[in-house]
Amino acid sequence: MVALSFLLRSCTAHSAALQCHAQSFIQGLLPNSIIQTDLLLLYSKLGLLHEARKVFDKMLDRKNMYSWNVMIASYAQNCMYADALVVFREFKFCGLRPDHYTLPPLFKASVGVDDSSIGSTCHGLVIRLGYEGYVVVANSVLEFYVKYGAVSQACCVFSNMLCTDSVTWNLMILGFGRAGLCSNAMHCFREMLSLGGMRVDFMTLPSVLNACGKEGDLLKVREVHGHVVRSFGFDVDAAIGNALIDVYGKCGCLKDSEKVFRTMHFLNLVTWTTMISCYGAHGKGEESLLLFKKMVDEGFRPNPVTLTAILTSCSRSGLIDQGKQIFSSICSDYGFEPTVEHYACMVDLLSRRGYLFEALELLQSVKSSETGSMWGALLAGCVMHKNVEVGEIAAHRLFQLEPNNASNYIALSAGSILLEESTFDQADLSHPLAQMICKILII
DNA sequence: CTAGGGTTAG
């Protein structure tokens with residue numbers, strides 16, 4: 001049995017796992033909690049969650065903390081968050097108490113199923129059970145607040161932490177950056193550098209760069225880039241390279257983006273997508289299209305984000321026919337249905353160039369999945385081309401869909417001034433937001 | 001020998 005247990009722990013392939021599983025059975029070793037735990041771990045590592053679950057269920061009352069923790073963590077790791085939470089519910093039903101291995105995946109699951117109440121409850125558990133001092137647990141609490149955009153809560157957790165590591169600091173940088181508190185993010189980065197014994201690792205840099213990009217501060221970008229080169233050389237990790245391409249683009253240095261792109265050795269789909277959208281943002285639609293073609297030629301399969309990037313590029317450069325052609329071949333060429341974002345891009349593409357009726361037609365064809373951004377794009381086009389007829393339809397529908405979106409009211413009031421027409425009267429003036437806008441306009 | 005972190009659009 002010891003030999004088999006050893007074998008199970010060293011398996012790396014599905015077929016080997018199956019053989020070991022069969023052997024365990026033949027030799028009459030099953031059911032046995034050691035072998036079953038090894039099998040559970042093995043199937044989990046191979047990503048065979050269905051098999052893992054079968055082993056887990058057969059363990060009946062032989063389940064221990066180890067096996068519960070493996071099952072919950074495996075579901076969370078494989079993005080099966082709801083399953084992780086169901087297993088945790090069973091776990092609690094058995095009268096068991098979570099430990100410092102059980103808790104971190106639960107925070108991940110809370111974010112995964114987009115239910116912050118679970119994370120809050122788990123935070124309470126962490127405090128009550130006294131796991132705040134475990135850095136991995138504390139970091140997972142921190143991650144939960146960061147991913148939910150609750151920076152002040154994150155700061156609170158951070159300031160109470162007795163022990164921090166690079167993950168802690170990386171999460172704070174990420175949190176500040178996402179909240180738009182870019183100087184705080186940079187401050188964290190510099191403090192991290194000055195802290196003896198704290199290593200700035202490769203996971204830190206994309207978040208720092210992202211924060212710099214939001215600020216648009218080229219000097220800071222160059223400072224961080226210098227750090228990248230000193231620590232990792234020019235042949236950087238894909239995520240760092242991608243962040244550099246993006247951030248130079250956002251700072252207006254397209255040449256630097258291209259330079260990073262050319263010198264990268266580990267390109268992934270994000271790399272191509274980022275470069276395409278940089279060209280798009282700089283109004284270089286032709287370059288975007290060329291790169292898109294090259295990407296496909298090199299065997300990369302565009303995902304929905306890539307297509308949004310290329311359609312946006314076409315829209316900004318007025319490449320109507322090319323955009324239409326790509327849009328219509330999404331399903332046949334890339335194997336997925338166009339998303340609402342893609343429809344919004346197309347409405348934008350058509351509206352910008354004054355094809356307002358065509359845009360309206362497209363919108364009416366997706367009636368069930370129409371979004372505010374689609375009508376917003378159409379409205380913007382109507383304002384641009386001074387078309388009251390379609391503009392009124394767009395404004396009316398936009399207010400039905402998003403009565404609480406203040407920016408729509410602003411757009412409409414600005415549009416009304418440009419149109420010098422009565423579009424504004426079409427809106428629901430009894431709505432509090434509309435009344436607020438009225439007041440502002442009158443003053 | 002079971003737990004945690006990064007990059008792309010709008």
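Quantities reported herein were computed from a predicted structural model and do not represent experimental measurements. A, B, ... follow the sequence lines: proteins, then strands. Residue 1 opens every chain.
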When all nucleic acid strands are considered with a 4.0 Å heavy-atom cut-off, which category describes [X]: base, sugar-phosphate, or nothing?
{"X": "A:Asp99", "answer": "nothing"}
{"X": "A:Ser373", "answer": "nothing"}
{"X": "A:Lys45", "answer": "nothing"}
{"X": "A:Ser166", "answer": "base"}
{"X": "A:Leu209", "answer": "nothing"}
{"X": "A:Phe107", "answer": "nothing"}
{"X": "A:Thr274", "answer": "sugar-phosphate"}

Would you please indicate yes or no on a ring centroid separation below 6.0 angstrom for A:Phe292 and A:Trp272?
-> no

Please check if any side-chain donor atom of [X] sits under 3.5 Å from a side-chain acceptor atom of [Y], or the reverse.
{"X": "A:Asn64", "Y": "A:Ser67", "answer": "yes"}
{"X": "A:Tyr355", "Y": "A:Glu361", "answer": "no"}
{"X": "A:His123", "Y": "A:Ser120", "answer": "no"}

Between [N] atom [atom2] and [X] atom [atom1], what is the distance in whole Å?
{"X": "A:Arg97", "N": "B:dA3", "atom1": "CZ", "atom2": "C1'", "value": "19 Å"}
{"X": "A:Asn78", "N": "B:dA3", "atom1": "CG", "atom2": "P", "value": "12 Å"}
{"X": "A:Met275", "N": "B:dA9", "atom1": "CE", "atom2": "P", "value": "13 Å"}
{"X": "A:Glu143", "N": "B:dG6", "atom1": "CD", "atom2": "C1'", "value": "11 Å"}
{"X": "A:Asn69", "N": "B:dC1", "atom1": "CG", "atom2": "C1'", "value": "13 Å"}
{"X": "A:Met295", "N": "B:dA9", "atom1": "CE", "atom2": "C1'", "value": "14 Å"}
{"X": "A:Phe232", "N": "B:dG6", "atom1": "CZ", "atom2": "C1'", "value": "11 Å"}
{"X": "A:Tyr279", "N": "B:dT8", "atom1": "OH", "atom2": "P", "value": "18 Å"}

Per the atom types in the model, does the base of B:dG6 pair as donor or acceptor with the side chain of A:Asp237 at under 3.5 Å?
-> yes

Table please: side-chain donor-acceptor pairs of residues 181-200 of chain A below 3.5 Å, with sequence neighbours left out.
residue  : atom : partner  : partner atom : Å
A:His187 : NE2  : A:Glu191 : OE1          : 3.2
A:Arg190 : NE   : A:Glu223 : OE2          : 3.1
A:Arg190 : NH2  : A:Glu223 : OE1          : 2.8
A:Ser194 : OG   : A:Glu191 : O            : 2.8

Are A:Leu40 and A:Met71 close enough that some pair of their side-chain heavy atoms sits under 4.5 Å apart?
-> yes

Report yes if some heavy atom in the side chain of A:Trp68 is under 4.5 Å from a heavy atom in the side chain of A:Phe88; otherwise report no.
->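 The answer is no; the side chains never approach within 4.5 Å.
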
Keeping to residues at least two apart or across chains, list the side chain to side chain donor-acceptor pair (under 3.5 Å) pairs with something in residues 291-304 of chain A.
-> A:Asn303-A:Thr306

What nucleotide among [options] has an atom nearest to a side-chain atom of [X]?
{"X": "A:Ser277", "options": "B:dA9, B:dT2, B:dG6", "value": "B:dA9"}
{"X": "A:Val305", "options": "B:dT8, B:dT7, B:dT2", "value": "B:dT8"}
{"X": "A:Asn210", "options": "B:dT8, B:dG6, B:dT2", "value": "B:dT8"}
{"X": "A:Pro206", "options": "B:dT7, B:dA9, B:dT2", "value": "B:dT7"}
{"X": "A:Ala239", "options": "B:dG6, B:dT8, B:dA3", "value": "B:dG6"}

With sequence neighbours left out, what residues match A:Arg352 under salt bridge (Lys or Arg N to Asp or Glu O under 4.0 Å)?
-> A:Asp348

Indicate whether OP1 or OP2 belonging to [N] is found under 4.0 Å from a side-chain N or O atom of [X].
{"X": "A:Arg316", "N": "B:dG10", "value": "yes"}
{"X": "A:Thr312", "N": "B:dG10", "value": "yes"}
{"X": "A:Lys63", "N": "B:dT2", "value": "no"}
{"X": "A:Asn268", "N": "B:dT8", "value": "no"}
{"X": "A:Gln77", "N": "B:dA3", "value": "yes"}

After noting the C-alpha distance and the side-chain angles of A:Glu90 and A:Lys63, does the key distance pass the salt bridge (Lys or Arg N to Asp or Glu O under 4.0 Å) rule?
-> CA-CA 12 Å; A:Glu90 288 171 35; A:Lys63 291 188 185 94; 5.6 Å; no

Determine which pairs satisfy salt bridge (Lys or Arg N to Asp or Glu O under 4.0 Å) with at least one residue from residues 141-153 of chain A, sequence neighbours left out, and list them in order.
->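 Qualifying pairs, neighbours excluded: A:Glu143-A:Lys147.
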
By a strict heavy-atom criterion of less than 4.0 Å, which residues belonging to residues 318-355 of chain A are in contact with DNA chain B?
->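 Those residues are A:Glu341.
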
Which residues within residues 241-248 of chain A lie with some heavy atom under 4.0 Å of an atom in DNA chain B?
-> A:Asn242, A:Asp246

